[in-house]
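Shown next, in structure tokens, is the structure this report addresses.
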Amino acid sequence: MFGFRQGVPVPARVGAWTGSPRLTILCVSKLTDVPKRILIGRALRSDRLGETLLPKRIALPVFASDPLSSVAYAPGEVLLVLSVAGVSAYHFSPWVAIAVAVLMFTVVTSYRQNVRAYPSGGGDYEVVNTNIGPRAGLTVASALLVDYVLTVAVSISAGVENLGSAVPFVVENKTLCAVGTIVLLTLMNLRGVRESGKLFAIPTYVFVTAVFTMLGWGAFRSLVLGHEMSAPTADMEIRAEEQGLAGIALVFLLLRAFSSGCAALTGVEAISNGVPAFRKPKSRNAATTLAMMGALAVTMFGGIIALAMATDVKMAERPAHQLLRDGVAVGADYTQDPVISQVASAVFGEGTFLFVLLASATALVLFLAANTAYNGFPLLGSILAQDRYLPRQLHTRGDRLAFSNGIVLLAGAAAILVYVYGADSTRLIQLYIVGVFVSFTLSQIGMVRHWNRHLADESDPAERRHMHRSRAINTFGAFFTGLVLVVVLVTKFSHGAWVALLGMGIFYAVMTAIRRHYDRVAEELVAPEVPDDDTVRPSRVHSIVLVSKVHKPTLRALAYAKLMRSGTLEALSISVDPAETRALRVEWEQRGIDVPLKVLDSPYREITRPIVEYVKGLRKDSPRDAVSVYIPEYVVGHWYEQLLHNQSALRLKGRLLFTPGVMVTSVPYQLESSELAKRRARKRAEWSAPGAVRRGPVGPTAAGGRKSGRNGGRGGGRGAKDGGGGTGAGTGSGAGRRPGNDPGNGGRPGT
């Protein structure tokens, strides 16, 4: 028989069924409530959003940890590429470093114009979408989403490799350690931007201080004291894979080295996406942070390249075969340390306190560099969700006012990438750079069009001079980054960049399909100008009360259905056991219940199908009639009790959702065990229950609206005041919190 039940105690619900899966989810959330509070902390009120805004000293490590930490591997990538032509090609590395520095200053200067012109946090996506068009904007969004995922994968993998040189267990279990680190970073970010920023600030500043100490002490020893400093690989030779490169081949090699060094620029765009997270004045603080980031990154990158040349560092793409000691290949047992570790060994001495401090800070800051993506990806995802290009859940703020769904999505994608590529940063970095330079180039083109549009309307000479200067900066930025994009595509395509392009194409196609779906749903839900079948009052209402046996829930459902004054009222039961069916008929007659009982035979012992077919038959015979199905359910108070009862009601409601003109009403009957659950629910009434929808951006009005929604749930029909999604008797959780006609919410209209 039916054995209908509900998961948690709520007041009687009237109107269209809004989903029993929600009840099950809320019940499961009781089990995860305590660990959730331990891991990410207690939920924050919406009106505390201002407390999460960042000062510049915290914003710098939060948004700039990626370009700052890239000096740990970007110099090595330059030397790795040049090693193809042997150690003789190393003398080109300072020129490659200068080219990267010029590009960094160009991009930083250009983005300072961006954050002033577009402080709302849309970054490259908003600039391109506004000035070039939606398709170009979606291209930039796809590129940034891919690049954010790669930022996490590359940073974590590089950090694991740096740590693995000192801890054998890490290098033996690279993939496991990398995935574990992603999980840890995810939990830290779920606690909130400001809280995670404080955690990340210390190691980032320790790393920057240690690098500058190394550069200063190395320069002092070399220029003042005249010491000879030698890296651990200074006595090695490099076996060139290509001898005597010249002409086009040499140019191609240098361009490839330059494109690898451009890894130092990844993450620059994160500040333009994260302007709303800064304290006021937001634009000025973001521009200042950009300038500080650019100066620090360029100085460290160039300094490490210079010291690598001074200490005679050797790096090779295939060290086991290319690196020679006394004319013999070092073999597969050799572990190649990163450039920064070799330079630190030469400057400080291997095993010294400063060497260990820098090595530890480098490994830690590489892990934390992924935080740039953890702040950029969720913010961009929220904006795209607001524009209906991504699921609306990504526009939702979590307990700690962070965009939790976006954080979890980023972590999952990065973990998959790390697993597929075995946490190998050399392989992963080949996928890198493409997406970020697509966004750089299109963003600068968009800014040029932005200034052109404003110049057409501006008459003030001072303002026009400022706009002309800004346009010149963005024009040069567009030309330079476009040139680099071509170089990156040509030099990296066959080495793995095609995977990044494929990922961008997939994101573009998925987001286009999502937008098309939301637009189609919105079009279907538009209120008609003239009455139609959905707005015209039904000619009659045919009410059906589902019956398994005569007990208190059944009698309550029958009494409630009679109050509705339907055109036709009948009880419906499914016969799967003839003996039980006969007993039901006898008791029905003995009690003198004045509602006709109809019994449907089910030779295959099915419950759901006969009911659905019967209801569809009623609709087919009388299309203008509405059918109202009442389901008596009983409420239990413990999660383990729910496991003992079947899911007939849940399956039946799921099927009836797809039947037009059919309404489902749940009539709950609370058992004694639900009293304890009621008390627990009462305690939780002062804060939002787990799983409650929290949307961003939020403010005092949003906080007030949430309170109104809760009061609406408690007060029955008052829930309809807050958003139009409330039902006649209320849901106990503020059904009106989400507008019933919002296509992003699944398109379930309120009653």
Side-chain angles (χ1 to χ4, degrees), residues 50 53-56 59-60 63-64 67 101-137 139-141 144 265 267-295 298 376 379-380 383 386-387 436-485 697 699:
L53 299 180
L54 305 176
K56 293 190 293 293
L60 181 65
F63 289 106
V102 172
L103 179 61
M104 172 69 85
F105 281 127
T106 301
V107 171
V108 167
T109 305
S110 299
Y111 269 87
R112 282 168 60 86
Q113 315 305 314
N114 288 35
V115 298
R116 291 191 175 104
Y118 293 90
S120 60
D124 294 340
Y125 167 70
E126 183 180 1
V127 171
V128 175
N129 193 62
T130 302
N131 296 289
I132 302 180
R135 292 186 177 179
T139 300
V140 166
L144 287 174
L265 278 78
V268 172
E269 78 288 346
I271 292 180
S272 66
N273 290 335
V275 176
F278 283 79
R279 284 183 178 174
K280 295 180 179 180
K282 296 178 182 293
S283 295
R284 189 173 71 186
N285 287 338
T288 303
T289 304
L290 263 169
M292 291 190 297
M293 177 207 68
V298 166
L379 282 170
L380 179 59
I383 294 169
Q386 191 171 12
D387 290 346
V436 75
F437 275 97
V438 168
S439 62
F440 283 170
T441 304
L442 289 177
S443 175
Q444 298 314 303
I445 294 173
M447 286 301 297
V448 171
R449 299 190 68 173
H450 166 83
W451 297 123
N452 287 339
R453 189 175 68 253
H454 282 272
L455 279 169
D457 301 327
E458 184 60 56
S459 57
D460 182 63
E463 285 295 324
R464 288 184 64 84
R465 283 195 300 271
H466 169 73
M467 290 180 182
H468 278 296
R469 184 174 64 252
S470 298
R471 185 177 65 175
I473 293 172
N474 289 126
T475 301
F476 181 72
F479 170 77
F480 203 175
T481 55
L483 184 63
V484 175
L485 175 61

Inset, instruction - Please step through side-chain contact (heavy atoms from CB on, under 4.5 Å) for the pair T441 and L483, ending with a clear verdict. - result: CA-CA 9 Å; T441 304; L483 184 63; over 6 Å; no
Inset, instruction - Go through the structure and list residues passing side-chain hydrogen bond (donor to acceptor under 3.5 Å, both in side chains) with S470, not counting sequence neighbours. - result: Q113
Legend entry - Contact summary for H450 and A117, nearest pair of heavy atoms: NE2-CB, 3.8 Å
Legend entry - Gap separating the OH atom of Y111 from the CG atom of N474, nearest 0.5 angstrom: 10.0 Å
Inset, instruction - Please identify each residue that fulfils side-chain contact (heavy atoms from CB on, under 4.5 Å) with D387, with sequence neighbours left out. - result: Y125, I383, Y389
Inset, instruction - State which residues pass side-chain contact (heavy atoms from CB on, under 4.5 Å) with A286; sequence neighbours excluded, sorted by chain then number. - result: V115, I271, V275, F278
Inset, instruction - Please name all residues satisfying side-chain hydrogen bond (donor to acceptor under 3.5 Å, both in side chains) with N129, sequence neighbours left out, ordered by chain then number. - result: none
Legend entry - Gap between atom CG of D457 and atom CG of N452 - 0.5 Å precision: 11.5 Å
Inset, instruction - Check for a donor-acceptor pair, side chain of R116 on one end and backbone N or O of S283 on the other, with a separation under 3.5 Å. - result: no
Inset, instruction - Output yes when a side-chain donor or acceptor of R464 lies under 3.5 Å from a complementary backbone atom of L455, and no otherwise. - result: yes
Inset, instruction - Please assess F440 against L103 for the test side-chain contact (heavy atoms from CB on, under 4.5 Å), listing each intermediate value before the final yes or no. - result: CA-CA 11 Å; F440 283 170; L103 179 61; over 6 Å; no
Legend entry - Test side-chain contact (heavy atoms from CB on, under 4.5 Å) applied to A101 - qualifying residues, sequence neighbours left out: V298
Inset, instruction - Please tell me if the side chains of V108 and M293 come closer than 4.5 Å, counting only heavy atoms from C-beta onward. - result: yes
Legend entry - Spacing of CG belonging to N285 relative to CG belonging to L60, to within rounding of 0.5 Å: 12.0 Å
Legend entry - Partners passing side-chain hydrogen bond (donor to acceptor under 3.5 Å, both in side chains) against R453 (at least two apart in sequence or in another chain): N131
Legend entry - R284 side, atom CZ; T289 side, atom OG1 - distance, nearest 0.5 Å: 11.5 Å
Inset, instruction - Could you grab the distance from atom CG of D460 to atom CE of M467, nearest 0.5 Å is fine? - result: 9.0 Å
Legend entry - Which residues share a side-chain contact (heavy atoms from CB on, under 4.5 Å) with S439, sequence neighbours left out: D124, V140, L144, V436
Inset, instruction - With the side chain counted from C-beta on, respond yes when N114 and M447 share a heavy-atom pair under 4.5 Å apart, and no when they do not. - result: yes
Inset, instruction - Search all heavy atoms of S110 against all heavy atoms of G477 and return the closest pair with its distance. - result: OG-CA, 3.8 Å
Legend entry - Residue pairs fulfilling ring-ring contact (aromatic ring centres under 6.0 Å, His included) with at least one residue in residues 455-478, sequence neighbours excluded: F476-F480
